2 protein chains.
Amino acid sequence: MISLTEVCAGVSGPSVPSGMVAPMQSRTPPTPPAPRTGGRPRSATADAAILEATRQGLVELGWSKLTLGAVATRAGVAKTTLYRRWAGKSELVVDAVAELFDELELPDRGSLAADIENVVLQFAVLLGRPETKTALMAVVAESTTDEPLRARIRESIVDRQKRLVLAGRERAQRRGELPVEPDAVGAARTADLIFDVIAGAVVHRALVSAEPVDEEWARRFTLLLLGGLAAAAAQT
Amino acid sequence: MISLTEVCAGVSGPSVPSGMVAPMQSRTPPTPPAPRTGGRPRSATADAAILEATRQGLVELGWSKLTLGAVATRAGVAKTTLYRRWAGKSELVVDAVAELFDELELPDRGSLAADIENVVLQFAVLLGRPETKTALMAVVAESTTDEPLRARIRESIVDRQKRLVLAGRERAQRRGELPVEPDAVGAARTADLIFDVIAGAVVHRALVSAEPVDEEWARRFTLLLLGGLAAAAAQT
DNA sequence: GCAGTTACGCTACGGCCCGTAGCGAAAGCC
DNA sequence: GGCTTTCGCTACGGGCCGTAGCGTAACTGC
């Protein structure tokens, strides 16, 4: 497939110019086996089957009743194979749902308002799926007592969402809808704030309030956020 | 200690006029035993000990490693006693953390901005505690495949938060900072929206982004939200 | 005081799932 | 062909679940 060593080399700092819409490096396989010299290669088919079986299991059983034994059986794979690649249920599920977040895109709809509504509705679609519904909150809960897991979630899921926000902002700045903040630190904080507001509001609406994130809600939310952005910009 | 019978009597309808800042009916005991005629009463002491032991267990073990057997032992109670009152781990934990949300208050700070900052920081303090951190997301995740649990969370936790938002809005309207929306349906939707934005943003910042909800963040967030409210009000 | 009713502590149990160990066989690299 | 790594399979100890059954404790109503 792809040689990982070179892809992974020098991916430490989050020092990407930020703003580019270019796709992140494509999904990295689970638990890269140490030095990869000779020997029988891991079956990519098995990987795919396991992740798919995980998602199916999440849909039918939910997070808490999902067992790794059942996933292995459904995937047509031995349980030991599964444990060779993932440390536990959390890591596996993160990778399984992370694939769904790869579908996220942000086409240019011509205005900041349209872009925001679009991204909100995309989040909503993802969070409407039963797999993500039950998995996302569970792994985040788990990550509160598991720092490596949190890092994995951030890389695989959160940053993937954040890209959309950054891209949207850059476009809006090009259109003149948003000012270019000269202070890099302040700009980053603003971006973080906006990201937490958007993602947080959608997640809360969809999972906690458990009410639909439809077009009307997206419109009202966008109106609110745009007004806030205008006021915040004026404040500067 | 306390006679439970009278406390339990007539606590069925949630039909409070809604909007009052008066405290909700104080915590209802778990799984009210059916008709409550004669017989040995349940130990209120045991209830308190169990809930406290649950919180301690959450702090030390986290949600996933918390076992009901351990809780019972720590509380000095038989495991069977625990199962007589709560259907499972989720229900128990909801009740345990719900007590923490009773501490929420909303003193009048003189302006809408100050009130919002205050409520944000109060949410942040609660979400900063390790018990709530690990428990809240976990039970919400569980509730995606368990409707009764969702209802319990809503009553015990979410509505308790929402009260603060409603109270804050009412105060702001009295001060003239916010317009009184004549349309009841629209007003309710706006309130829901604002609640999801506030609670969602704070939760996302604290648990997903895992960065501090300090005074500076609260200030920036409040600025954003107030601007949005002004714009939304003008739109009407 | 005495029956009736309910909660309590304790013990014990079958059942499920976990995570690992130990094989022999398969599939690639040199 | 030898070396290396993965794979499927089986088996296992251990933990926790959730319940049943029992004798005892606490409180109510007659």
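In what follows, chains carry the letters A, B, and so on, assigned in the order in which the sequence lines appear, proteins first and then strands, with residues in each chain numbered from 1. Everything quoted here is computed from the prediction, not taken from an experiment.
With hydrogens and angles ignored, no donor-acceptor pair under 3.5 angstrom links the side chain of B:Thr67 to the base of D:dC17. Under 3.5 Å, the side chain of B:Lys79 and the base of D:dG18 form at least one donor-acceptor pair of N or O atoms.
The NZ atom of B:Lys65 sits 15 Å away from the P atom of D:dC17 (whole-angstrom rounding). One can place CZ of B:Arg85 at 18 Å from C1' of D:dT19, the figure rounded to the nearest angstrom. Going from atom OH of A:Tyr83 over to atom P of D:dT10 covers 18 Å, rounded to whole Å. Distance NZ (B:Lys89) to P (C:dC17): 16 Å, rounded to an integer number of Å. Rounded to whole angstrom, the span from the CG atom of A:Leu61 across to the C1' atom of C:dC16 amounts to 14 Å. As rounded to whole Å, 14 Å separates atom C1' of C:dT20 from atom CG of A:Leu82.
For B:Thr80, taking side-chain heavy atoms from C-beta onward, the closest of the listed nucleotides C:dA7, D:dG8, C:dC10 is C:dC10. Side-chain atoms of A:Ala78 lie closest to D:dG8 of the nucleotides D:dG18, D:dG8, D:dA26. Comparing C:dC18, D:dC17, C:dC8 by their nearest atom to the side chain of A:Leu68 picks out C:dC18. The side chain of A:Thr81 lies closest to D:dG8 when the candidates are D:dG8, D:dC17, C:dC8. Checking D:dG8, D:dG18, C:dC8 against every side-chain atom of A:Val77, the shortest atom distance belongs to D:dG8. Listed nucleotides: C:dG19, C:dC8, C:dA27. Nearest to the side chain of A:Arg40: C:dA27.
Between A:Glu52 and A:Arg74 there is no salt bridge, since none of the side-chain N atoms of the basic residue sits less than 4.0 Å from a carboxylate O of the acidic one. For A:Arg160 and A:Asp102, the salt-bridge test passes: some basic side-chain N is under 4.0 Å from an acidic carboxylate O. For B:Arg85 and B:Glu91, the salt-bridge test fails: no basic side-chain N is under 4.0 Å from an acidic carboxylate O. Using a 4.0 Å cut-off between charged nitrogen and carboxylate oxygen, B:Arg189 and A:Glu216 count as a salt-bridge pair.
Between B:Gly76 and A:Gly88, it is B:Gly76 whose nearest contact on DNA chain C lies nearer the 5' terminus.
For the OP1/OP2 pair of C:dA7 and a distance below 4.0 Å, the side-chain nitrogens and oxygens of B:Arg42 include at least one atom meeting the criterion.
Here the CG atom belonging to B:Leu126 is positioned 6.5 Å from the CD atom belonging to B:Glu103, to the nearest 0.5 angstrom.
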